[in-house]
**Q** 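This is the structure I have questions about; it appears just below.
Keep in mind that this is a model prediction, so the values were computed, not measured. Keep in mind that the numbers below use all heavy atoms, side chains included, and drop hydrogens, waters and symmetry copies.
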Amino acid sequence: MKLRAVPSALVLVDGTDLHHDLIGAALALQEIVVEAGIPAARGVGVNRFTDPMPATAEADVYVLYLSGPRFDEAEQRALSALVADGGKGVVAVHASNLFGFGPGGVEADRAAIDLVGSRYLSHGDADSEGRFDVRVHPGHPVTRHLDDFAIDDEYYLIDCVDGLDILAERDTPDGPQPVAYAHPHGAGRVCYTALGHDARAWGNPWFRQLLRQSVLWAAGVAEADIASFSTRWPLGNGRHIGPSAPGR
């Protein structure tokens, strides 16, 4: 029986790609989630959903930082069912959509692609990383208290499924490219952001705000409560966001 009155999160890291700092990500993402007022544990590995132990089964939202093709098909389907049927939430960060690169190709990762909502294609033609502007789409609970911002991060081109609510984009020579979106998955909720490669992004106050509000929304926190949970933390230069911010 679950004893907590507030939602809880589980930050999970896994992967084989040496270009991603799994330990650093686990620590940073756990800290950001706790800033949102949600208790968060952390763990390693996604082979845990078919027969979940209490720490996995009792979490309301899973925050994923994955970096490699090692997500078993049965585990994909089990996680999808926990979200669709059990009302869990998923917040997938950065390389957590590296699907279709394993032995079975895209079809072996179909359940995960449908759940997360996209798969990584490439870095594009503008090198692999740099500073770029993020254009925020207002109106969704995840972006309600955010403005456009700049970030130092990796460039991602992604292939998205239909029916996503695009939350933020960056401009490319070929047109806008999504960097954050949300969508329902059965009874549950899913957010993904292509941002969050390393400590440069994890320390960006706007990224932290985006992730906090993503976790709160995915965990099922009421929209009216998201501001009180997530807008108490500074954005830098003495500026806060939310309805209680100075000058608002």
**Q** What are the two closest heavy atoms between Ala111 and Arg77, and how far apart are they?
**A**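 Where Ala111 meets Arg77 most closely, the heavy atoms are CB-CG, 4.0 Å.
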
**Q** Determine whether Leu167 and Phe132 fall in the same hydrophobic cluster, where Ile, Leu, Val, Met, Phe, Trp and Tyr are linked whenever their side-chain heavy atoms lie under 4.5 Å apart.
**A** yes

**Q** Could you check if a side-chain atom of Trp206 sits within less than 4.5 angstrom of a side-chain atom of Asp147, using non-hydrogen atoms only?
**A**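 Counting from C-beta outward, Trp206 and Asp147 do come under 4.5 Å.
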
**Q** Nearest 0.5 angstrom please: Ser214 OG to Ile226 CD1, how far?
**A**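 With rounding to 0.5 Å, OG (Ser214) is 9.0 Å from CD1 (Ile226).
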
**Q** Of the non-hydrogen atoms in Gly163 and His183, which two are nearest, and what is the gap between them?
**A** O-CB, 4.3 Å

**Q** Under a 4.5 Å side-chain heavy-atom rule over Ile, Leu, Val, Met, Phe, Trp and Tyr, are Leu64 and Val13 clustered together?
**A**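 Leu64 does not cluster with Val13.
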
**Q** Shared ILVMFWY cluster between Val33 and Leu27, side chains joined below 4.5 angstrom?
**A**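 Val33 and Leu27: separate clusters.
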
**Q** Between Arg189 (side chain only) and Trp217 (backbone N and O only), is there a donor and an acceptor less than 3.5 Å apart?
**A** yes

**Q** Salt bridge or not between Asp153 and Arg200? Use side-chain N to carboxylate O under 4.0 Å.
**A** no

**Q** Using 4.0 Å as the upper bound for N to carboxylate O, is an ion pair formed by Arg208 and Glu35?
**A**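 A salt bridge links Glu35 with Arg208.
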
**Q** Between Asp133 and Phe149, is there a side-chain heavy-atom distance shorter than 4.5 Å?
**A** no

**Q** Using distance alone, with no hydrogens and no angle criterion, decide if Gln177 and Thr172 have a side-chain donor and acceptor under 3.5 Å apart.
**A** no

**Q** Closest heavy-atom contact between Ala219 and Ile38?
**A** CB-CD1, 4.3 Å

**Q** Where is the tightest heavy-atom contact between Pro39 and Pro7, given as atom of each residue plus distance?
**A**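 Heavy atoms of Pro39 and Pro7 come nearest at CD-O, 3.2 Å.
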
**Q** Tell me if the NE2 atom of His19 is crowded by more than 12 foreign heavy atoms within 6.0 Å.
**A** no

**Q** Please test Phe207 against Thr193 for side chain to side chain contact (heavy atoms under 4.5 Å, CB included), starting from the C-alpha separation and ending with a verdict.
**A** CA-CA 9 Å; Phe207 170 81; Thr193 178; 4.2 Å; yes

**Q** Got a salt bridge between Asp148 and Arg135, using NZ or NE/NH1/NH2 to carboxylate O under 4.0 Å?
**A** no

**Q** Please assess Arg70 against Asp14 for the test side chain to side chain contact (heavy atoms under 4.5 Å, CB included), listing each intermediate value before the final yes or no.
**A** CA-CA 8 Å; Arg70 50 185 290 175; Asp14 198 358; 3.2 Å; yes

**Q** Does the Glu154 side chain pair with the main chain of Leu195, one donor and one acceptor, at a distance under 3.5 Å?
**A**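 Not at all, since once roles are kept as given, no pair shorter than 3.5 Å links the two residues.
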
**Q** Taking the basic N atoms (NZ, or NE/NH1/NH2) and the acidic carboxylate oxygens, is any pair closer than 4.0 Å for Arg110 and Glu73?
**A**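 The answer is no: the pair does not qualify as a salt bridge.
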
**Q** Has Asp21 got a side-chain atom pairing as donor or acceptor with Gly24's backbone, closer than 3.5 angstrom?
**A**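 Checked: pair present.
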
**Q** Could you measure the distance from the SG atom of Cys160 to the OH atom of Tyr192? Nearest 0.5 Å is fine.
**A** 8.5 Å

**Q** Provide the closest heavy-atom pair for Gly68 versus Leu98 in the form atom of the first, atom of the second, distance.
**A** N-CD1, 3.9 Å

**Q** Say you draw a straight line from CG of Leu210 to NE2 of His145; how long is it, rounded to the nearest 0.5 Å?
**A**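 NE2 of His145 is found 13.0 Å from CG of Leu210.
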
**Q** On the six-membered ring of Phe99, is Arg119 placed so that its NZ or CZ lies under 6.0 angstrom from the centre and within 45° of the ring axis?
**A** no

**Q** Show the numbers, then the answer: is there a side chain to side chain donor-acceptor pair (under 3.5 Å) between Glu75 and Thr50?
**A** CA-CA 6 Å; Glu75 296 290 347; Thr50 56; 3.2 Å; yes

**Q** Drop me the distance from Leu82's CG to Thr56's OG1, to the nearest 0.5 angstrom.
**A** 9.0 Å

**Q** Is the shortest heavy-atom distance from the side chain of Arg212 to the side chain of Ile32 under 4.5 Å?
**A**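 Of all side-chain heavy-atom pairs linking Ile32 with Arg212, at least one is under 4.5 Å.
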
**Q** Does any non-hydrogen side-chain atom of Leu79 lie less than 4.5 Å from one of Val46?
**A** no

**Q** Which of parallel (below 30°), tilted (30 to 60°) and perpendicular (above 60°) describes Phe49 and Phe71?
**A**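 Ring orientation, 0 to 90° scale: tilted.
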
**Q** Does a side-chain heavy-atom distance below 4.5 Å link Val179 with Glu169?
**A**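 Val179 vs Glu169: side chains apart.
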
**Q** Check the side chains of Ser80 and His185 for a donor-acceptor pair under 3.5 angstrom, ignoring hydrogens and angles.
**A**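 On atom types as modelled, these side chains qualify, holding a pair under 3.5 Å.
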
**Q** For Ile166, does its backbone N or O pair with a side-chain atom of His137 as donor and acceptor, under 3.5 Å?
**A** yes

**Q** Can you tell if the side chain of Val44 reaches within under 4.5 Å of the side chain of Leu12, non-hydrogen atoms only?
**A**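 A side-chain contact is absent here, since even the closest heavy-atom pair is not under 4.5 Å.
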
**Q** Going by the angle between their ring planes, with limits at 30° and 60°, are Trp202 and Tyr65 parallel, tilted or perpendicular?
**A** perpendicular

**Q** Side chains of Glu129 and His197: any donor to acceptor distance under 3.5 Å?
**A** no

**Q** Does Leu66 offer a backbone N or O that forms a donor-acceptor pair with the side chain of Ser96 under 3.5 Å?
**A** yes

**Q** I'd like to know if the side chain of Gln76 and the backbone of Ile113 have a donor-acceptor N/O pair within less than 3.5 Å.
**A**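 Side chain of Gln76 to backbone of Ile113: no pair is present.
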
**Q** Any donor-acceptor pair under 3.5 Å linking the side-chain atoms of Tyr156 with those of His94?
**A** yes

**Q** Hey, any chance Tyr181 and Val136 share a hydrophobic cluster, counting ILVMFWY side chains that come within less than 4.5 Å of each other, even indirectly?
**A** no

**Q** With distance as the sole test, does His20 use its side chain to make a donor-acceptor pair with the main-chain N or O of Leu22 at under 3.5 Å?
**A**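 Answer holds: no.
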
**Q** Would a 4.5 Å heavy-atom cut-off, applied to side chains only, mark Val161 and Ser118 as touching?
**A** no

**Q** Determine the minimum heavy-atom distance between Val142 and Cys191, stating which atoms define it.
**A**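 Nearest heavy atoms, Val142 then Cys191: CG2-SG, 3.9 Å.
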
**Q** Could you tell me the separation between the CD1 atom of Ile151 and the CG atom of Asn204, rounded to the nearest 0.5 Å?
**A**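 Nearest 0.5 Å value for the CD1-CG distance: 4.0 Å.
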
**Q** Please answer whether the main-chain N or O of Ala59 pairs with a side-chain N or O of Lys88 as donor and acceptor at a distance below 3.5 Å.
**A** yes

**Q** Evaluate the criterion side chain to side chain contact (heavy atoms under 4.5 Å, CB included) for residue pair Leu10 and Arg48; output intermediate values, then yes/no.
**A** CA-CA 12 Å; Leu10 180 59; Arg48 61 175 63 229; 3.9 Å; yes

**Q** I need the single residue from Asp114, Val83, Val91, Leu164 that forms a side chain to side chain contact (heavy atoms under 4.5 Å, CB included) with Val190. Which is it?
**A** Val83

**Q** Side chains of Val93 and Leu211, heavy atoms from C-beta outward: is any pair under 4.5 Å?
**A** yes

**Q** Measuring from atom OG of Ser122 to atom CD1 of Ile158, what distance do you get when rounded to the nearest 0.5 angstrom?
**A**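 Spacing of OG (Ser122) from CD1 (Ile158) equals 11.0 Å.
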
**Q** Would you please test Val63 and Val215 for side chain to side chain contact (heavy atoms under 4.5 Å, CB included) and show each step?
**A** CA-CA 8 Å; Val63 181; Val215 171; 3.8 Å; yes

